[in-house]
Amino acid sequence: MTYDPKTYAAKGFRTQVAVIAEHAAAYPDAIAMRQKRHGIWQELSWAALQDVTLALAAGLIDLGVTPGTHVGILSENRREWVLAQFAIQSAGGAIVGMYPTSPMAEIDHLVNASDTEVLFIENQEQFDKIVELGDRAPKLRKLIVIDPKGIRSESYLDLVSFDDLLARGHQVLNSHRAEIATRIAALAPEDTAMMVFTSGSTGLPKAAEISHANLHASACLATQFFERYPPGTNILSYLPLCHVAEQNVTVTNALSGQHIMNFGESLRTITPDLRDAAPEIFFGVPRIWEKMQAGVMVQAQTASPLRRALTLKGLQRAQARAATPRSAWSLSQRLGNAMWDALVYRHIRSYLGLGRCTFAITAAAPISLDLLTFLRGIGINVREAWGMSETSGAACIQPDWGNSEGRCGVFPEGVSHRIAEDGELLVKGPIVFKGYYKNAEATAETIEDGWLHTGDVAEEATDGSISIVDRKKDIMINAAGKNLAPSLIENAMKASPFIKECIVIADQRPYVAALVQLDFDTVRLWAESKGISYTTFRSLAENPQVVAMIDRQIAKQNEVLARVEQVKRVWLLPKELDHDDGEVTATMKVRRSKISERYTAEIEALYAKQAAA
């Protein structure tokens with residue numbers, strides 16, 4: 001008998017580990033997850049996943065983890081991340097996800113703000129950060145390292161390897177089995193299941209507490225969003241699992257739908273991993289889609305003359321069809337698409353590893369309409385979703401091919417929404433988080449009478465679907481009193497394959513200016529094709545021919561904007577924005593205040609001529 005995801009909600013509240021136990025009992029041999037290591041995919045069945053989860057939980061109990069203990073995970077995306085997650089839950093603890101790219105100063109805040117006592121770390125790089133942290137984290141008492149290479153002999157904070165913890169857990173499992181069952185049964189819907197840190201784009205990241213009830217409600221939504229995808233559907237997991245969106249797609253969706261979690265080797269090997277896993281469902285943040293588009297354009301420009309001409313012509317035809325929704329295509333448009341799909345589009349999808357993907361998702365940041373047009377034009381069914389840490393992940397999603405008036409689709413049954421007088425989107429329902437850990441003031445400001453104040457300015461279309469305009473705090477008012485949404489302008493600029501990042505300056509200014517970061521890969525190839533020599537990123541950004549080319553790109557992208565929104569002056573950043581320098585968050589969101597502070601002189605120079613006049 002095959003598992004039916006439609007029965008998930010009908011069975012009522014269960015924790016994630018209770019769902020694993022159900023799958024292990026009913027479908028023990030079905031594949032739960034795969035991990036790629038050194039080019040080989042290693043499988044784990046639901047029964048094996050249950051065994052490992054219980055053994056690791058026994059090991060954690062043996063280390064002194066008690067119900068309510070906060071256990072952190074500081075690692076890149078990998079199978080051990082979710083194995084640790086399930087074990088922590090089984091031991092009655094709360095999971096604290098942390099970004100592995102965070103510098104030591106940020107780790108200091110994450111560990112202390114969450115009262116983390118036990119911490120899974122990935123490798124020596126993360127170990128060195130914790131050692132540097134020293135006695136600034138007084139509650140941290142135990143370390144578990146996943147890859148102990150280079151630190152096997154270390155004993156700092158009673159360091160133990162993941163494999164040794166698992167081995168110890170197998171040894172003591174029988175003596176702890178009843179205790180584990182008791183702890184799992186005692187997990188209440190309102191208990192904190194995990195803490196997810198906010199991006200921290202305007203201040204220190206806050207620890208959002210997501211309850212077991214929140215995760216269950218999110219899983220129920222997943223069975224609606226992915227209702228046509230049967231058990232055994234493949235998902236590739238590659239983004240940080242401390243991000244609520246990846247948790248949604250990888251863990252919540254896989255458990256409720258009994259889909260297969262595929263863990264690639266790394267973010268750097270995403271394309272070959274996609275080709276191997278051939279997922280039917282794929283989630284990408286806008287930067288991933290931008291890189292895919294840039295990669296396609298680079299391949300097209302460097303191909304043989306015939307292949308280049310054919311590819312570019314096919315992309316032009318896709319652009320021409322984009323003005324008409326797929327559901328309204330004429331017979332000639334359908335035939336034209338079928339022809340170009342056979343000649344060009346399917347080969348691009350195969351090159352990207354998305355040949356079998358029929359449900360693609362973009363979320364976590366704004367994405368440009370030009371990029372969506374490009375992706376849908378080559379046959380990738382990209383659907384925008386909206387959600388946040390405070391909604392436990394996705395709260396709404398577009399229908400197929402973006403077939404709604406609004407950019408983010410309609411809220412599903414059980415989730416209420418309204419738009420406040422100032423345009424802010426308010427959301428209510430079982431997916432709304434508990435609050436911020438040890439931050440009652442911020443919680444009270446965010447949740448009022450059960451309504452979550454999202455901080456997003458939204459518009460509702462006639463069909464009930466919504467579009468996000470921008471973050472409320474980011475809306476700018478120019479010198480003439482006109483409201484401007486910077487993300488709209490920035491996304492228009494980033495539609496150029498030569499522009500990786502754009503930071504708009506407009507607040508209380510007479511016109512829009514911008515700081516622009518080059519896309520090094522595409523600009524490098526362009527420069528080489530023009531015989532322009534360079535040595536570093538800075539030398540490329542300061543080259544007059546490159547500056548002139550970017551000016552032309554800005555002028556071209558300005559054509560899609562209203563006059564008041566058009567970028568009048570630009571300065572090219574001499575380096576890539578860096579998390580370590582505090583310029584972007586761990587999720588690569590720009591910290592506008594930091595950028596403005598660091599480049600004050602350059603920004604003022606963009607307005608100097610106008611002021612002099």
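Everything quoted here is computed from the prediction, not taken from an experiment. The basis for the numbers below is simple: all heavy atoms, side chains too, and nothing from hydrogens, waters or symmetry mates. Quick note: residue numbers are just sequence positions, from 1.
Of the possible donor and acceptor atoms, one in the side chain of Tyr607 sits under 3.5 Å from a partner among the backbone N and O of Tyr511. Put simply, the side chain of Thr373 never gets that close to the backbone of Gln319: no donor and acceptor are under 3.5 Å apart. Under the 3.5 Å distance criterion, the side-chain polar atoms of Gln124 are left unmatched by any main-chain donor or acceptor of Ile151. With Ser539 contributing its side chain and Thr536 its backbone, the two residues share a donor-acceptor pair below 3.5 Å.
Each of Arg591, Lys575, Lys594 was evaluated against Asp581; a single residue qualifies, Lys575, per the side chain to side chain donor-acceptor pair (under 3.5 Å) test. When each of Leu274, Thr271, Val382, Leu236 is paired with Leu354, the side chain to side chain contact (heavy atoms under 4.5 Å, CB included) condition holds for Leu274 and for no other.
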Hey, can you pull the donor-acceptor pairs under 3.5 Å for the side chains in residues 104-113, sequence neighbours left out?
residue, atom, partner, partner atom, Å
Glu106, OE1, His579, NE2, 3.3
Glu106, OE2, Ser102, OG, 2.9
Glu106, OE2, His579, NE2, 3.3
Asp108, OD1, Asn112, ND2, 2.7
His109, NE2, Pro205, O, 2.7
Asn112, ND2, Asp108, O, 2.8
Asn112, ND2, Arg136, O, 2.9

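Checked by atom type, the side-chain pair Gln553/Lys556 shows no donor-acceptor distance below 3.5 Å. For the residue pair Thr250/Ser237, the side-chain donor-acceptor check at 3.5 Å is satisfied. Side-chain contact check for Asp273 and Thr269: at least one donor-acceptor pair (N or O, by modelled atom type) lies under 3.5 Å.
No side-chain heavy atom of Leu119 sits under 4.5 Å from any side-chain heavy atom of Gln126.
Residues Tyr599 and Trp571 place their aromatic rings such that the two centres sit under 6.0 Å apart.
The aromatic rings of His243 and Tyr99 lie perpendicular to each other, with more than 60° between the two planes, well past the 30° mark.
For Phe127, the ring-ring contact (aromatic ring centres under 6.0 Å, His included) criterion is met by no residue, not counting sequence neighbours. For Tyr238, the ring-ring contact (aromatic ring centres under 6.0 Å, His included) criterion is met by Phe282, not counting sequence neighbours. With sequence neighbours left out, the side-chain hydrogen bond (donor to acceptor under 3.5 Å, both in side chains) criterion links Gln398 to Arg376. Here Glu459 pairs with Val469 under the side chain to side chain contact (heavy atoms under 4.5 Å, CB included) rule; sequence neighbours left out. Scanning for side chain to side chain contact (heavy atoms under 4.5 Å, CB included) contacts around Asn483 gives Ile475, Ile477, with sequence neighbours left out.
Remark: Asp507 does not engage Lys473 in a salt bridge, criterion side-chain N to carboxylate O under 4.0 Å. Using a 4.0 Å cut-off between a side-chain N of Lys or Arg and a carboxylate O of Asp or Glu, Lys494 and Glu490 do not qualify as a salt bridge.
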